[in-house]
Amino acid sequence: MTAAATAERVLAWAAEPSGPVPVGPLWDVTTLANPAGSVRDAASQLARRTSARLGAGFPPFGAVGRTGRTGPPRIGPGAVFLAAAAGGRRQAGAAALLAGAVPPATPSRDPGAWYDLVARHGVADAVVTALAVAGTSTASPGPSEPASDGNDGGAEPLPELLLDASPLTAVLYRPPLRALRSDTTGRAVATTIALMSRPRGQAVLAAGLAGWTPHPYVLAWRASLLARLRLSHRDLLLDVYLTARTRFAADWDRRISWAARQMTALAGVPDPLAVDTLRFWAPLAAIKRDVTLSRLRPLMSGQDPALKLVHRFHLDQAGAA
């Protein structure tokens, strides 16, 4: 089995992810540069299904090629390389080289790049999520824990490399830990702003950012992103919280009640997940001081318990920075 065959298996799995991420060898990586038609077809199928799951339409976000022809442009090699890296992760060094070889994408300059970005996201999101569930990624390490999986002499683990290579996943999930820790998330913020200018972009952001997740770093990123955009893009912030209070209300109510119990019952350092569950609501608490939410989003309700907890535990300053 070649690296291209490994990539094809992962691409097919990511289109309908179930069970563990497939594993395969990385022999003859040169086949990835010009893969067989079946591999390209698998990447296109993944892009279509990912776009449908996101609600991005097709072509996703109105993507067109540089020539202006209707229909999506050709997917670049990024998704294939990321799929091969994910499937060949037992060969850590080779997998890291493949993930690092993916060229950067600049969606704000090339509208057609969104099709490629959706394909990358289809791989990265499925793999990062699956590895986090399996407990084989550093999705939520402690503040002093190094970003390493112990297999490659301190280099970043594969999930971090996938996040770095997939701008859309960096927005909807989180940027790499090194970017979060050094506060160098400008590229992810720029991708968010570019996405808002695309057809269906704001709806995808609202749905993708509104749900609860068991990973503190993901919740912290979402709070940071919304806080940064609360003045310049208030409509996005309101749409995210409206979606949270309509589509995910029951789950959020359970999580907020749990977080409140954790914050009041435990001595010492509070649970990071409880803190970030409440801090997610801090940007909304910040703008509530200046606007009447019921007038701007009449359907939004039930957020007051979370906002009161934000103020009670002095999380509003961190969320509003």
Side-chain angles (χ1 to χ4, degrees), residues 3 6-7 9-11 13-14 17-27 29 32 46 50 77-105 117 119-188 191 208 213-222 224-225 272-273 276:
T6 297
R9 289 184 62 197
V10 174
L11 290 167
W13 169 86
S18 178
V21 184
V23 175
L26 293 177
W27 298 333
V29 294
L32 297 173
L46 172 61
T50 302
V80 174
F81 275 58
L82 294 181
R89 62 193 179 276
R90 291 180 180 173
Q91 298 171 242
L97 287 174
L98 281 176
V102 175
L117 263 60
R120 294 188 191 197
H121 177 66
V123 176
D125 183 64
V127 172
V128 169
T129 302
L131 294 182
V133 170
T136 57
S137 78
T138 54
S140 301
S144 61
E145 183 178 336
S148 172
D149 62 0
N151 296 327
D152 48 16
E156 286 186 300
L158 181 63
E160 300 301 306
L161 297 173
L162 297 180
L163 292 170
D164 191 46
S166 179
L168 192 55
T169 317
V171 171
L172 297 177
Y173 189 75
R174 64 163 173 81
L177 288 177
R178 56 176 165 76
L180 292 176
R181 289 166 173 162
S182 61
D183 194 25
T184 54
T185 57
R187 186 174 68 171
T191 300
T213 171
H215 304 301
Y217 276 117
V218 177
L219 291 170
W221 156 245
R222 292 175 181 175
S224 173
L225 176 65
L273 182 56
D276 286 310

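Note: hydrogens, waters and symmetry copies are ignored here, and every other heavy atom, side chains too, is used. If you're wondering where the values come from, they're calculated on a predicted model, not measured in any experiment.
Contact record, L82 with A165: CD2-CB, 3.8 Å, taken as the closest heavy-atom pair. Minimum interatomic distance between L158 and A85 (heavy atoms only, all atoms of both residues): CD2-O, 3.7 Å. Nearest heavy-atom pair across G78 and V102 is CA-CG1, 3.8 Å. Pairing each heavy atom of A84 with each of A3, the nearest pair is CB-O, 3.9 Å. A95 and G88 make their closest contact through CB-O, 3.7 Å (heavy atoms, listed as atom of the first residue, atom of the second, distance). Contact record, G122 with A14: O-CB, 3.6 Å, taken as the closest heavy-atom pair.
Side chains of P25 and T6 form a contact here, defined as non-hydrogen atoms less than 4.5 Å apart. Counting only heavy atoms from C-beta outward, the side chains of V127 and R89 never approach each other to under 4.5 Å.
Atom CG of L273 sits about 6.5 Å away from atom CG of L219, to the nearest 0.5 Å. Between atom CD of residue E156 and atom CG of residue L163 there is a gap of 9.5 Å, rounded to the nearest 0.5 Å. Taken to the nearest 0.5 Å, the CG atom of L161 stands 9.5 Å off from the CG atom of L97. One distance of note links CG of L177 with OG of S182; it measures 10.5 Å at 0.5 Å rounding. Separating the OH atom in Y217 from the CZ atom in R222 is a distance of 16.0 Å, to the nearest 0.5 Å. With values rounded to the nearest 0.5 angstrom, L162 atom CG is found 8.0 Å from L131 atom CG.
The closest donor-acceptor contact from the side chain of W13 to the backbone of S18 lies under 3.5 Å. Not one N or O on the side chain of W221 forms a donor-acceptor pair closer than 3.5 Å with the backbone of L172. No donor-acceptor pair closer than 3.5 Å links the side chain of T50 to the backbone N or O of A119.
Paired with D164 under the rule salt bridge (charged side-chain N to carboxylate O under 4.0 Å, His left out), one option of R174, R187, R120 passes, and it is R187.
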